[in-house]
Amino acid sequence: VETTGDTWTPTRALGRAVLLTGILVLLAVVLGRLDLVALAVPLAVGAVWSLRARPAQEPRVEIGLPADAVAEGGDVGVVLRVGNPNRARVDLCVTRVSHSPWIRIQHGDRPFVLDPNPGQSAEIALTATALRWGRHQVGPAKAFAVACDGLLLSAPAVTDGGDVRVHPVKPAFRADQAMPRASALVGIHRSHRPGEGGELAGVRRYGPGDRLRRVDWRVTLRTRELFIAHTLSDRDAEVVVLLDVLHEAGQSGGIHGTASVVDTAVRASAAIAEHYLRQGDRVALLEYSEHPRHLRAASGRHQLHAALEWLLHTRAAQGVGEQPVFGIDPHLIPPSALVVVLTPMLGSESAEMIARLARAGRVVVAVDTLGSLEKRPVHGSQWTSLAQRLWRLERDNTIGQLREVGVPVTAWAGAGSLDQVLRDMTRMAAAPRIVRR
Amino acid sequence: MTESNLRERAAGIRSRVVHVIGQAGRISAGPAVVRLIAAVAALVALMLSVPTEYGLAARLSLLAVPVAAGVGLFPRTRWVTVVAVVAVLAWLTSTIGFDDAVALWRVALLAAALYLMHAAAAMAAVLPHDSIVPGRILVRWAGRVGAVLGVGLVLGVGGMAIVSQLSPVQSLVGPIVGSLVAAGLTGLLAWHLRRPSE
């Protein structure tokens, strides 16, 4: 099929029809054979009939994507729309859409054939699933039309497509322990933020995630329906979630596969942020990478949405990440804040950064995001297992050094991951301490 | 040629074969049906055009099958035109060289097979082999092909049947009229292509 710069170009089939008709009629005249004319007539009639109405403009193609973010593992509504702006009918439009491997589209690797009527559009709703958090490209899409029974072919029409925002799935997380340095009620004005507290704001129906101890039994017995006491937050704690994404490890398999270090960090951050924001605390996010980022501390539902959007831009450095030009400045973090560092402990820079925060007097909890990847067998030469063993010993040593400077290190295990270390830290914070004067 | 060159070439051929097998496995129903129609029509056209005497048809069928399969496999290439020209030349050879009778049914079938091969190859050429094609598009295409075939056969074969009933007269009018018809047909197609769209 030849295509030139024109909008519609004849295909090889048209040349074939003209050539065969010409040869057959010419031979019929020369040899005086009527049967050759009879052979030529369907070809000639077909070509003339097909070319009676020719389109002039190329088709139009659009991709419809959801404006709102979707959840990891959720369905994505992708609509592929092809329009025929001509008054003449086209036989069919062939369209193909490129997309990120993290958006699984049923038959997405195949071209789709549509038949828009003249002046109208035809669309196909594609069954798509978001396999991983992040911003994923759907598009560009390309379409070409065929008219006159395959005798004419349009130039391709292209559309850029757009991004689908996929929020990370939030694993179940709760931390029942009190914050180590929560300064309780501040000032004389009560908070207007809903959350855990003693100031009663009213009662409301029990919902998923509410604690049983909040059930208002008097109202419940009266109404025969579960009601909980709705309180205003009287907490003044700030949680800083620090994502160490200087190094990536492991292969991300999406929502149904294995989690890489960055996957674990992002999903855990989302869960921790959601938990503390629901309790009325302020949450800030920090990224320790080649180009550190910061989301200012705030509270409420708006901050949860902002945090999820902020997390979508998390990128790990390719290969061995370079040390950031500007590290994490401890002054970015208030002294009373709880700093939860999600780190795979893969480089000395990470351990140094955590130790620096601890020495600056910040309350730091390190959450190990490497998980089972640490024990993953690595195949190689006879020296590989030995090298891996040495690396593990070195890593254990680093973790031990961090504990020595007062940073508890715990593995990420979803719900209750932080309870033990928070309990210890609260006890330590409450204990009398020697202060240099 | 060194051993490493040979190995590289063998690896290239192997990867090419694997790619072709992988692509063949992806073919979807719609394009497969269209390609099958083109190949079968090519086979019918070739079998109808070869001489019926001396058992040539049976011997040539072994050759005709891969030739016709080429039409289904490579509908975008010039192979389709070559097969159509071969069928016409074979038809002339059997009717002139082997004195085969120009029976109406044979002409009608050959005309239908030639047009069907051309139309199916034209459609197969623009349909990607792995595309998902709604059935209604193929049904509508088949309807159009059927209509063209019906009109073409009525005009062509019907006209031939009527003219053959007339008594033959030697004159210059026949070739002149025929030439004019040929020129008119070619001009009509050229005009169709040159005129502005819509």
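Chain letters run A, B, ... following the sequence lines, proteins first and then strands; every chain starts at 1.
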Of all of A/I124, A/L36, A/D35, A/L20, which one pairs up most often with chain B through heavy atoms under 4.5 Å apart?
-> A/D35
Would you name the heavy atoms of B/A121 and A/R16 that are closest together and state the gap between them?
-> CB-NH2, 3.8 Å
Within a strict 4.5 Å, meaning less than it, do heavy atoms of the A/R33 and B/I96 side chains meet?
-> yes
How many angstroms lie between CG in A/L31 and OG1 in B/T95, if you round to the nearest 0.5 Å?
-> 8.5 Å
Against chain B, work out which of A/G150, A/C148, A/P42 has the most heavy-atom pairs shorter than 4.5 Å and name it.
-> A/P42
Tell me, yes or no, whether the heavy-atom count around A/Q251 atom CD, taken from other residues, nucleotides or ligands under 6.0 Å, exceeds 12.
-> no
Proximity breakdown for B/V107 and chain A, heavy-atom pairs closer than 4.5 Å = both
Side chain, backbone, both or neither: which part of A/L27 has an atom under 4.5 Å from a heavy atom of chain B?
-> side chain
Look up atom CD1 in B/I137 and atom CG in A/L92, then write down how far apart they are to the nearest 0.5 Å.
-> 5.5 Å
Below 4.5 Å, heavy atoms only, C-beta onward: do B/P128 and A/V94 meet side chain to side chain?
-> yes
Please determine, among A/G32, A/S50, A/P111, the option with the most heavy-atom pairs under 4.5 Å with chain B.
-> A/P111
Between NE2 of B/H118 and CG of A/L43, what distance do you get to the nearest 0.5 Å?
-> 6.0 Å
Identify the heavy atoms of B/V148 and A/G46 that sit nearest to each other, and give their distance.
-> CG1-CA, 3.4 Å
Specify the closest pair of heavy atoms between B/R140 and A/D91, including all atoms of both residues, with the distance to one decimal.
-> NH2-O, 3.7 Å
Between A/R12 and B/R76, which heavy-atom pair has the shortest distance, and what is it?
-> NH1-O, 2.9 Å
Region of B/R26 in contact with chain A, defined by heavy-atom distances below 4.5 Å = both
Inter-residue atom distance A/D149.CG - B/R144.CZ, 0.5 Å rounding | 4.0 Å
What pair of heavy atoms forms the shortest contact from A/R110 to B/D130, and how long is it?
-> NH1-O, 3.0 Å
When rounded to the nearest 0.5 Å, the distance separating CG of A/L151 from CE of B/M123 is 9.5 Å
Side-chain heavy-atom pair B/Y115, A/V45 within 4.5 angstrom cut-off | no
Where does B/V80 contact chain A at under 4.5 Å (heavy atoms): side chain, backbone, both or neither?
-> both
Interchain contact, B/V133 with chain A, by part (heavy-atom threshold 4.5 Å) | both
When every non-hydrogen atom of B/V157 is compared with those of A/A38, the smallest separation belongs to N-CB, 4.1 Å
Interatomic distance, CG@A/L39 vs CH2@B/W91, rounded to 0.5 Å, equals 7.0 Å
Flag the one option from B/V85, B/I132, B/L104, B/T77 with the top tally of heavy-atom pairs under 4.5 Å to chain A.
-> B/I132
Residue selection (most heavy-atom pairs with chain B, distance under 4.5 Å) from A/D109, A/L114, A/V30 | A/D109
